[in-house]
Undergrad: 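Here it is, the structure, as structure tokens.
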There are 2 protein chains.
Amino acid sequence: MAIKLDIEALLAHLPLFRSLDKTQLVLMAQASQEVRVAKHGFVFHRGDAASGLYVVAVGGIKLAIPSANGQEKVIEFFSPGQAFGEAVMFLDKPYMVQAQALEDTLLLWIDKQDIYAAIDRDPSFARRMLAGLSLRLHALVQDIETVNLQNASQRVISYLLKQPREGEHVQFPFNKNVIASKLGLTPETLSRLLHQLNSKGYIAVDGRDVHILDVPGMEAQLYGR
Amino acid sequence: MAIKLDIEALLAHLPLFRSLDKTQLVLMAQASQEVRVAKHGFVFHRGDAASGLYVVAVGGIKLAIPSANGQEKVIEFFSPGQAFGEAVMFLDKPYMVQAQALEDTLLLWIDKQDIYAAIDRDPSFARRMLAGLSLRLHALVQDIETVNLQNASQRVISYLLKQPREGEHVQFPFNKNVIASKLGLTPETLSRLLHQLNSKGYIAVDGRDVHILDVPGMEAQLYGR
DNA sequence: CGAAAGTTTGAGTTGCTTCAACCGCGGTGG
DNA sequence: CCACCGCGGTTGAAGCAACTCAAACTTTCG
């Protein structure tokens, strides 16, 4: 974990900061702090006070809602270049989710005040921020849609089809039990459904590797039956 | 539906516009247009292009995701003073939800460009906008929590406890039908659960009127068992 | 190489839905 | 004025999709 990084360069190609000019970028870079979190380590817990936002530089983060009985519901994943924790920052509420590292992760942390300053200096930064939040909102609404309007099999199918794929090849980025939670399923159910889609000839499963064989057939499942 | 309204005064006490000074308020009022929608009428459908935001002046609106088989999943309700449609405005995507009037409703519509202009003129307006979106996001995450982590009975209980109540009295603002959809239940299940909570002595149901009798007992249901 | 974590498979259970019938009430037209 | 319709709501019975529990198998990693 001894990575030396050029914060300014890193920030420069984040969507969020792309509109900033050189001067502001330098200010932002100065304002940000490195945070290192080991795999399975927590960035924050539910109930913690929010005083800034995080940007993933290296690694991966999952946001989840913890439940009483040790369960958790995964809300979203964040990979390098993505920001999280911005939403709560603008409210004066504590986090209602927890953030946990899926692998050894390097984050940048930027204080609320510095973000506010950037908003005041540059309206187009405010717009980017607004667009970012809107995107997040959009994704959540989609999640609500899948959980409420689609059955287990359809959820798996739409997840697979939504994954970025090279050719017909897709790979699960994390443990299946984390994916299952994101989809609102138990790991057992996910396993069974993958097996089922496999034997129906829609996909070919091999561990975390999946080959999508019949896109039209799968899409048909999302509407018919 | 022949209400004459003072747009400026109306806007003035919306949280969103509260920070605007007199000059800007006038600009905003000039930019906004009245839109009238009869009960059950649609403000927009899924797939429509979004080019501005709406503020409820009189009446009530529900946002919902339509599904193939004529079902729909209710996402949120909006009452006078609340704004909706802002999120999609910042993205260049069509609406993924539909907005329908729950009663005869009067809306104000403000064009995207005018909102952008206000953001550019006044950073504190941008902040309010950000806070508004964050709040929306927060609510959605809570919904995801209830749907995924609580059973049907707990969902009804938390809904009842969340409703604004005068003394111990609560009233369903709409058809139980619509409430059920918001909670991710069928109307039948909602009816049965209300009956059940009634006979257990937690509440007293009379049509749309509910008396909350045993708050501690209900809260206990959210954790235990 | 061994322990721990992740995954699959099987069997049994259940919470909620579905389907269907029925009730009560408000509106409407004959 | 009353019969009728239609809609929102309730109640009952039956079904099923997904979960729970449990055990075996596989991969990961110290």
Side-chain angles (χ1 to χ4, degrees), chain A residues 38-41 62 67-74 100-104 146-157 159 171-200 203-210 221-222 225, chain B residues 39-40 62 67-74 100 102-103 146-157 159 171-200 203-210 221-222 225:
Chain A
K39 182 170 183 175
H40 296 140
K62 75 162 189 242
S67 89
N69 51 9
Q71 302 279 82
E72 62 168 31
K73 158 68 188 176
V74 173
Q100 195 174 8
L102 290 160
E103 22 183 325
D104 288 352
T146 53
V147 171
N148 283 282
L149 263 26
Q150 304 192 150
N151 66 28
S153 167
Q154 293 172 322
R155 275 180 254 168
V156 175
I157 291 175
Y159 174 81
Q171 207 183 122
F172 289 114
F174 324 107
N175 286 346
K176 287 192 184 154
N177 76 57
V178 177
I179 308 285
S181 169
K182 170 91 214 281
L183 295 177
L185 301 172
T186 57
E188 291 97 324
T189 304
L190 175 59
S191 171
R192 279 184 251 268
L193 288 172
L194 286 174
H195 181 78
Q196 193 177 312
L197 292 174
N198 187 63
S199 45
K200 281 185 183 169
I203 60 178
V205 189
D206 173 29
R208 285 193 185 177
D209 296 313
V210 178
Q221 295 291 315
L222 294 180
R225 214 245 313 237
Chain B
K39 183 171 183 175
H40 296 139
K62 75 160 189 244
S67 88
N69 52 9
Q71 302 277 84
E72 62 169 30
K73 158 68 188 178
V74 173
Q100 195 173 9
L102 290 159
E103 22 184 325
T146 53
V147 170
N148 283 282
L149 263 25
Q150 303 191 149
N151 65 27
S153 167
Q154 293 172 321
R155 274 181 253 169
V156 175
I157 291 175
Y159 175 81
Q171 208 185 121
F172 289 115
F174 322 108
N175 287 348
K176 289 193 181 155
N177 218 325
V178 178
I179 309 286
S181 170
K182 170 89 213 285
L183 294 177
L185 302 172
T186 58
E188 292 97 323
T189 303
L190 175 60
S191 171
R192 279 184 253 269
L193 288 172
L194 286 173
H195 182 78
Q196 193 178 312
L197 292 174
N198 188 64
S199 44
K200 281 186 183 169
I203 60 178
V205 189
D206 173 29
R208 283 193 186 178
D209 296 312
V210 178
Q221 294 292 315
L222 295 180
R225 214 232 325 213

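In what follows, chains are A, B, ... by sequence order, proteins preceding strands, each numbered from 1.
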Undergrad: A:V74 and A:K62: which non-hydrogen atoms are nearest, and at how many Å?
TA: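 Shortest heavy-atom separation between A:V74 and A:K62 comes out as CG2-CD, 4.0 Å.
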
Undergrad: Please give me every residue in residues 184-197 of chain B whose heavy atoms get under 4.0 Å of an atom in DNA chain D, ordered by residue number.
TA: B:E188, B:S191, B:R192, B:H195

Undergrad: Below 4.5 Å, heavy atoms only, C-beta onward: do B:Q196 and B:L193 meet side chain to side chain?
TA: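 Result yes, sub-4.5 Å side-chain heavy-atom pair found.
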
Undergrad: Between the side chains of B:S153 and B:N151, does any donor sit under 3.5 Å from an acceptor?
TA: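 Checked: B:S153/B:N151 side chains show no N/O donor-acceptor pair below 3.5 Å.
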
Undergrad: Hey, is the main chain of A:K73 close enough, under 3.5 Å, to the side chain of B:N148 for a donor-acceptor pair?
TA: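 Judged by distance alone, no pair lies under 3.5 Å.
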
Undergrad: Rounded to whole angstroms, how far apart are CG on A:N175 and P on C:dA4?
TA: 18 Å

Undergrad: Mind running side-chain contact (heavy atoms from CB on, under 4.5 Å) on B:I203 and B:V205 for me, showing each step along the way?
TA: CA-CA 6 Å; B:I203 60 178; B:V205 189; 3.6 Å; yes

Undergrad: Looking at every non-hydrogen atom in both residues, tell me the closest pair between A:Q150 and A:Q154 and how far apart they are.
TA: CA-OE1, 3.3 Å

Undergrad: Taking the nucleotide of DNA chain D with the nearest heavy atom to each, does B:H40 or A:R155 sit closer to the 5' end?
TA: B:H40

Undergrad: Quick one: bend of the helix from C:dC1-D:dG30 to C:dG30-D:dC1 from 5 pairs per end, to 10°?
TA: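 Axis-to-axis angle, ends of the helix: 30°.
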
Undergrad: Can you give me the first and the last nucleotide of DNA chain D (5' to 3') that has an atom within less than 4.0 angstrom of a non-hydrogen atom in chain A?
TA: D:dA18 to D:dA22

Undergrad: Calculate the interatomic distance between A:N177 atom CG and C:dA4 atom P; express it in whole Å.
TA: 18 Å

Undergrad: Could you give the CD-to-C1' distance, from B:Q150 to C:dC16, as a whole number of Å?
TA: 16 Å

Undergrad: Which pair of heavy atoms, one from A:S181 and one from A:E72, lies closest together, and at what distance?
TA: OG-O, 3.1 Å

Undergrad: On a heavy-atom basis, which atom in B:L190 and which in B:V156 lie closest, and how many Å separate them?
TA: CD1-CG2, 3.8 Å

Undergrad: Using only atom types and a distance under 3.5 Å, with no angle test, would you say the side chain of B:D209 pairs donor to acceptor with the backbone of B:Q171?
TA: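 Checking the backbone N and O of B:Q171 against the side chain of B:D209, no donor-acceptor pair under 3.5 Å is found.
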
Undergrad: Decide, yes or no, whether a salt bridge links B:E188 with B:K176 under the criterion of side-chain N to carboxylate O below 4.0 Å.
TA: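 The answer is no: the pair does not qualify as a salt bridge.
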
